[in-house]
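Notes follow once the structure below has been shown.
Note that this is a predicted model, so its numbers are computed, not measured. All ligand and atom numbering here is 1-based and tracks the order in the structure.
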Amino acid sequence: MNHSLMTTYNRLPVTFARGEGALLWDTQDKEYLDALSGIAVCNLGHAHPAVTRALCEQAGRLVHTSNIYGIASQEALGDTLTALAGMDKVFFGNSGAEANEAAIKLARLYGNQQGIKSPAIVVMDNSFHGRTLATLSATGSRKVQAGFEPLVQGFVRVPYGDLAALKAVAEHKPDVVAVMVEPIQGEGGVNVPPPDYLPGIRKLCDDKGWLMILDEIQTGMARTGRMFAYQHYDLRPDVMTVAKALGNGVPIGACLAQGAAAELFGPGNHGSTFGGNPLACTTALAVCNTISGERLWEAAETIGNHIQEGLHSALSDVDGFVEVRGRGLMIGIQLDRPCGELVTGALAQGLLINVTADSVVRLLPPLITSVAQADQIVSTLSSLVRDFLAGQ
Ligand SMILES: Cc1ncc(COP(=O)(O)O)c(C=O)c1O
């Protein structure tokens, strides 16, 4: 254990030295199958040639100038990303939390410009939006917030998936200007909302003049079987945030907007020194082009369904197994008890997984995972889960 690092993470006893595709090797050269992608980041796997090429070529040409100058790769990425997302404009930052900060600032500007003195944003129980002060205040987890009071004001919280609760807020809270929601909750336990939920939010936002803000930081970039999860539905948000897999590991985040929301920021309203620099944008452009060129959302859907079906048939008769849920390659296995120890069990067998919300095994494999690797995930994990549940 290194004593120079602040103890913000309980780290697992492994250090990786290199990777290729869905495989990683540790410093002892032991091989692992990555079913987590650095928590939904390396959607193209490790050392993808298109990403490596873009990164190396750009590093040798120009890493950073400043947003006070034109940046050709930022413009090219902006055009590509807005076209893929069906949005009008984009602001680039460096992380998911920063993308959400931009979205929260847009909502406040939107409210203030209408003369609303204390504009409020509706957020959800069990949500996760980041670790900055505003985004942890928006996050629906006391664990994330505890000790950092006073929290940022201006958030109203309701249960996830509950349209009636949102409608009640619409009746009783005149200062609401926006709803901010994950299309599928990630950290909160891979929670898939009812099919009418996002369309219902869209309609309510239209009726009330609220901004619909989708946090696609975990669900975006083809993870759920569409380029963005909202594309499973016939709707568009007003504001959408993306990060994680946008740079396949090179830090970059984006806040996209359409319609009136796209025109809110003016010069001096927002900014970032590193945001949208040539290195990050060239890399993210290679990521976008690879995902769309290979239509990797289709692979996410096919391999994701294969894994979900495999897990379901291997585990459905086991006591303590509740359900497999998710969409595409965003998969949760709900057990009836806390199961954090499965992470070290899987690690010992060369499989990288995660447990979230105490009792949900979370899988976020790279989109380039092969059928054979998918089968390996299913067989290793289902026997681990069986043994774990039998041994309790
Ligand atoms: C849905 C969602 N929003 C925001 C974030 C925060 O992103 P970052 O850690 O890049 O700030 C995360 C990270 O897990 C996330 O899953």
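With hydrogens and angles disregarded, a donor-acceptor distance shorter than 3.5 Å links the side chain of Lys244 to the backbone of Ile39.
Looking at Val287 and Leu246, their side chains never come closer than 4.5 Å, going by heavy atoms from C-beta outward. Residues Arg362 and Val355 fail the side-chain proximity criterion, which asks for heavy atoms closer than 4.5 Å. Using a 4.5 Å heavy-atom threshold, the side chains of Ile303 and Pro365 count as separate.
Taking a 6.0 Å sphere around CZ of Phe274, one finds it holds 12 or fewer heavy atoms contributed by other residues, nucleotides or ligands. Taking a 6.0 Å sphere around CD of Gln153, one finds it holds 12 or fewer heavy atoms contributed by other residues, nucleotides or ligands.
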Between ligand 1 and the protein, which N/O pairs fall short of 3.5 Å?
residue, atom, partner, partner atom, Å
ligand 1, 3 (N), Phe128, O, 3.3
ligand 1, 3 (N), Asp215, OD1, 3.3
ligand 1, 3 (N), Asp215, OD2, 2.7
ligand 1, 10 (O), Gly96, N, 2.8
ligand 1, 11 (O), Ala97, N, 2.8
ligand 1, 14 (O), Lys244, NZ, 3.2
ligand 1, 16 (O), Gln218, NE2, 2.8

